[in-house]
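Only one structure is covered here, and it is reproduced in the block below.
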Amino acid sequence: MNKLRTALAAAAALGLAALATPPAQAAAQPAFLAASQMPPSPTPWTATQVFTGVPENGGVLCAPYKIPAQNTRYREFSTELDTNGVQVTTVARTEADAVKLVDTLREALAGCGPLLEQQNPGLQAVSASHGKLAVEEGAWVYSLDTADPQIGISDIHLFSVGRDGRTVTIVRWGQMGDLKDAPLTAFRTTTKTAVNKLH
């Protein structure tokens, strides 16, 4: 009987010790750009909180539904001059899945112009690649220049896709104007910052 009591006491002590042990900390979530890290603008940038999932409109022209909602978060940016942006970040199940997602997004962004022209007769849209950046597993920059002659409006968007391990992030910047109006050099810096902040 004494042996049984001793065994029960030891088991109870182990159980209490287990309860007293704090649970393992969850893996840190990827960090996001701050408003001040977007390309310079005549009026200050503001940033929303970080939301779970993907933006309602997908957040990214020509690739709105290619980013999985699971393990994905996003933050939106804006200024008083209608300049806007978004960062969407997702953690893939495996690194191979992350590589595949990057390839899918890059293909969508590279072919964005012709796709928009096909979907919107009369619209003029030109996509361009602006090369790879040496940061973590790499980042790639693209632009989309659109013009609607019927209403006389032109817009320019810059996009980047970068990866650090299993984590993929895509950044978009946009405003009215043409490619010559876009802060391409500053956007490259923003992209490097975004990828470096992931982990």
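Just the heavy atoms: all of them, side chains too, but no hydrogens, waters or symmetry mates, feed the values below.
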How long is the straight-line distance from [atom2] of [Y] back to [atom1] of [X], given to the nearest 0.5 Å?
X: Q87; Y: L33; atom1: CD; atom2: CG; answer: 4.0 Å
X: D145; Y: Q124; atom1: CG; atom2: CD; answer: 10.0 Å
X: I67; Y: Y74; atom1: CD1; atom2: OH; answer: 12.0 Å
X: I151; Y: L123; atom1: CD1; atom2: CG; answer: 9.0 Å
X: D181; Y: D155; atom1: CG; atom2: CG; answer: 11.0 Å
X: L158; Y: L179; atom1: CG; atom2: CG; answer: 7.0 Å

In terms of hydrophobic clustering (I, L, V, M, F, W, Y; side-chain heavy atoms under 4.5 Å; direct or indirect links), are [X] and [Y] co-clustered?
X: F51; Y: V88; answer: yes
X: V86; Y: I170; answer: yes
X: V195; Y: F77; answer: yes
X: M38; Y: I156; answer: yes
X: V54; Y: V91; answer: no

Which of R172, Q175, H157 passes side-chain hydrogen bond (donor to acceptor under 3.5 Å, both in side chains) with N84? It is R172
Only residue of T167, N71, T72 satisfying side-chain hydrogen bond (donor to acceptor under 3.5 Å, both in side chains) with T90 is T72
Are any side-chain N or O atoms of [X] and backbone N or O atoms of [Y], one a donor and one an acceptor, separated by less than 3.5 Å?
X: T52; Y: R73; value: no
X: R75; Y: T48; value: yes
X: E117; Y: A125; value: yes
X: T79; Y: W45; value: no

For D82, give me all partners under salt bridge (Lys or Arg N to Asp or Glu O under 4.0 Å), at least two apart in sequence or on another chain.
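Testing D82 for salt bridge (Lys or Arg N to Asp or Glu O under 4.0 Å), a comparison that skips the adjacent residues, returns none.
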Any chance CD of Q150 has more than 12 other-residue heavy atoms, nucleotides or ligands included, within less than 6.0 Å?
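No, the 6.0 Å shell around CD holds no more than 12 heavy atoms from other groups.
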Under 3.5 Å, which donor-acceptor pairs link side chains of residues 130-142 to any protein atom two or more places apart or in another chain?
from	atom 1	to	atom 2	distance (Å)
H130	NE2	S143	OG	2.8
E137	OE1	G165	N	2.5
Y142	OH	R106	NE	2.9

Is [Y] close to [X] at the side-chain level, that is, under 4.5 Å between some pair of heavy atoms?
X: L105; Y: V168; answer: yes
X: D148; Y: N120; answer: no
X: R188; Y: L184; answer: yes
X: R163; Y: E95; answer: yes

Identify the two heavy atoms, one from [X] and one from [Y], that lie closest to each other, and give their separation to 0.1 Å.
X: R166; Y: A92; value: NH1-O, 2.6 Å
X: A34; Y: K197; value: N-NZ, 3.8 Å
X: V171; Y: F187; value: O-CZ, 3.6 Å
X: G113; Y: S127; value: N-OG, 2.6 Å
X: P149; Y: G122; value: CD-O, 3.3 Å

